[in-house]
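Scroll down for the structure; my scribbles are underneath it.
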Amino acid sequence: MTEADDADRLFLGTAAGEATYREALDRAAEAVVDAADRERPFSGRSPDALDALLDDGPVLPEEGVGLDAALDEVAERVLPHTVNVADGRTAAHLHCPPMVPGLAAEVLLSATNQSLDSFDQSGAATLVERRVVDALADLFDLPDGADGVVTGGGTESNFQGLLLARNRYCADRFGRDVQSSGLPLAAKRLRVLCSEEAHFTAEQAAAHLGLGENAVVTVPTDDDRRMDPSALDETIADLRDRDHEPFALVGTAGTTDFGAIDPLDDLADRAADHDLWFHVDAAFGGALALGDERDRLAGVERADSLAVDFHKLFYQPISCGAFLVRDGAAFAHAARNDEYLNPADAAAPNLVEKSTRTTRRFDALKPYVAFRALGRERLAPLVETTLDTADDAAALLADADDFDLLADPSLNTVVFRYRPDEDLTAGELDRFTRAVREALFNAGRAVVARTEVDGVAALKLTLMNPRTTLDDVAAVLDAIRDCARTVTAVRREVTA
């Protein structure tokens, strides 16, 4: 076979390449279907055992094994030992089973390989992303002039919100163009406000922005773990008394552990009163805008910027999120132009000046296909089903003698502990709970999350799958009981 013949088989554009592509997709699809049809959500293999399983010669050998053999290796050695997100007993993280429309879109976007940094690398793909952004602006009732960009998820979106907030404040307050001249000396006084339950990405973003994690000041929460507006008032006053300068307020619509939604309207009032950039992290809870519970997001339409994830409760393949701004002109605080890519006098739309990345996949196609295929009428019930399942799971836990429900669910997370049949100190209970969770995962019977409540480890169900039933939840609880008995027996044997 000549080098030309090999290239013809490996790339689209020839009959040989198209045949190879179809055969490879068929083989890959069969492997995916087989991997999803498993008895357990995880094989239970240890990292060392899996590493040994994959140890079959160099990843880059001198002579390749061929595409069929390479795909078969993945089907036999990799996919069966990944966590099965389609299983109703996978309930650890905000990690959704992707819906079929999104999977089909992945095939389209990966093969055509558009890059969204310039129109001459994407064509219609750029316009699709703009339409998805417009649809989101409408979904969240943002005003005319709103704009946005598709991102890799909440971490990137939250960073971008605080980037624009910092640059705007430094320009207005200090007359400083941070993008060209760097931070002013007074930057050490800048502060970001967020709930004590907010995601760690606020601190991460502050570090990346050169402000340091200590620039993030957390505000106490109320009994429902929502930011307390009165405490916010006191915090702002205290910061100003100490010559600090708060410039951004982050509201959370769906905290990771408890799904709490901050009082966004009240926070928007404070942001307006104190000239703070108001960013809302709705990566988790933003999907409520689809259905009957959208009123719980009241105030989100007043945000200066907003993060929302499609790879959570919009059920799209990772990674896929969006960053929205109330006023599209805000992107000017971090935009730049380069002659080879997006010259200032270009007539064609270019999205690179709205993004913190240059090369970007056509991820907007995933929500585009899903939205067009299903509409709100079919998307909203998927979200609402998971909320109902969480309520039912909480009721099941509350009625059980051997479990403690630690909070009523706000979205679709349920936090709880197993109650041992002996009195344990806080430290012993912490170690016990961690051991139970580890034993459960190592047995491959269920995948649940571990968190911490009042300084002691707790367990968490994150019920992302619309197909998860109460029977699935009951099976997870029974598996926890079995593992708890095993851990208890081992503990007693060690202490005997």
query = Of Asp402, Asp401, Asp404, which meets side-chain hydrogen bond (donor to acceptor under 3.5 Å, both in side chains) against Arg419?
reply =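 Going through Asp402, Asp401, Asp404 one by one, the side-chain hydrogen bond (donor to acceptor under 3.5 Å, both in side chains) with Arg419 is satisfied by Asp404 alone.
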Under-4.0 Å salt bridge between [X] and [Y]:
X	Y	result
Asp117	Arg357	no
Asp273	Arg270	no
Arg89	Asp87	yes
Arg242	Asp238	yes
Asp275	Arg168	yes

Is [Y] close to [X] at the side-chain level, that is, under 4.5 Å between some pair of heavy atoms?
X	Y	value
Gln204	Phe159	no
Glu129	Val149	yes
Leu459	Phe403	no
Arg417	Leu406	yes
Met464	His95	no
Pro246	Arg240	yes
Val133	Asp147	yes
Phe310	Phe371	yes

task = Start with the C-alpha distance between Thr151 and Ser157, add both sets of side-chain angles, then the distance that settles side chain to side chain donor-acceptor pair (under 3.5 Å), and finish with yes or no.
result = CA-CA 6 Å; Thr151 68; Ser157 298; 2.8 Å; yes
request  = Check step by step if salt bridge (charged side-chain N to carboxylate O under 4.0 Å, His left out) holds for Arg131 and Asp134.
outcome  = CA-CA 5 Å; Arg131 287 176 174 268; Asp134 288 345; over 6 Å; no
Heavy-atom pair with the smallest gap, counting every atom of [X] and [Y]:
X	Y	answer
Gly285	Leu411	CA-CD1, 4.0 Å
Gly455	Asp430	O-OD1, 4.0 Å
Pro466	Pro97	CD-CG, 4.4 Å
Gly299	Phe278	O-CE2, 4.1 Å

Got a second to check how far [X]'s [atom1] is from [Y]'s [atom2], nearest 0.5 Å?
X	Y	atom1	atom2	result
Thr252	Arg226	OG1	CZ	11.5 Å
Asp144	Arg326	CG	CZ	10.5 Å
Asn350	Leu116	CG	CG	10.5 Å
Leu190	Cys170	CG	SG	5.0 Å
Glu428	Thr433	CD	OG1	11.5 Å
Leu163	His279	CG	NE2	11.5 Å

request  = Evaluate the side chain to side chain contact (heavy atoms under 4.5 Å, CB included) criterion for residues Leu109 and Gln114: first the C-alpha distance (whole Å), next the side-chain angles of each, then the deciding distance (0.1 Å), finally the verdict.
outcome  = CA-CA 7 Å; Leu109 72 92; Gln114 309 302 297; over 6 Å; no
Any donor-acceptor pair under 3.5 Å linking the side chain of [X] with the backbone of [Y]?
X	Y	answer
Asn465	Ala86	yes
Asp309	His311	no
Arg361	Ser110	no
Arg191	Val217	no
Lys460	Phe258	no

Other residues, nucleotides and ligands only: do more than 12 of their heavy atoms fall within 6.0 Å of [atom1] on [X]?
X	atom1	result
Asp241	CG	yes
Asp292	CG	no
Arg130	CZ	no
Arg450	CZ	no

request  = Could you walk me through whether Phe362 and Tyr368 pass the side chain to side chain contact (heavy atoms under 4.5 Å, CB included) test, one step at a time?
outcome  = CA-CA 10 Å; Phe362 185 19; Tyr368 181 85; over 6 Å; no
query = Mind checking whether Tyr169 and Phe247 have parallel, tilted or perpendicular rings, split at 30° and 60°?
reply =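 Ring orientation of Tyr169 relative to Phe247: tilted.
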ask   = Are Asp388 and Thr385 close enough that a side-chain donor and a side-chain acceptor fall under 3.5 Å?
value =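 Thr385 and Asp388 do not have a side-chain donor-acceptor pair below 3.5 Å.
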Pair Ser410-Arg225, side chain to side chain donor-acceptor pair (under 3.5 Å): steps then yes or no = CA-CA 10 Å; Ser410 173; Arg225 294 180 167 81; over 6 Å; no
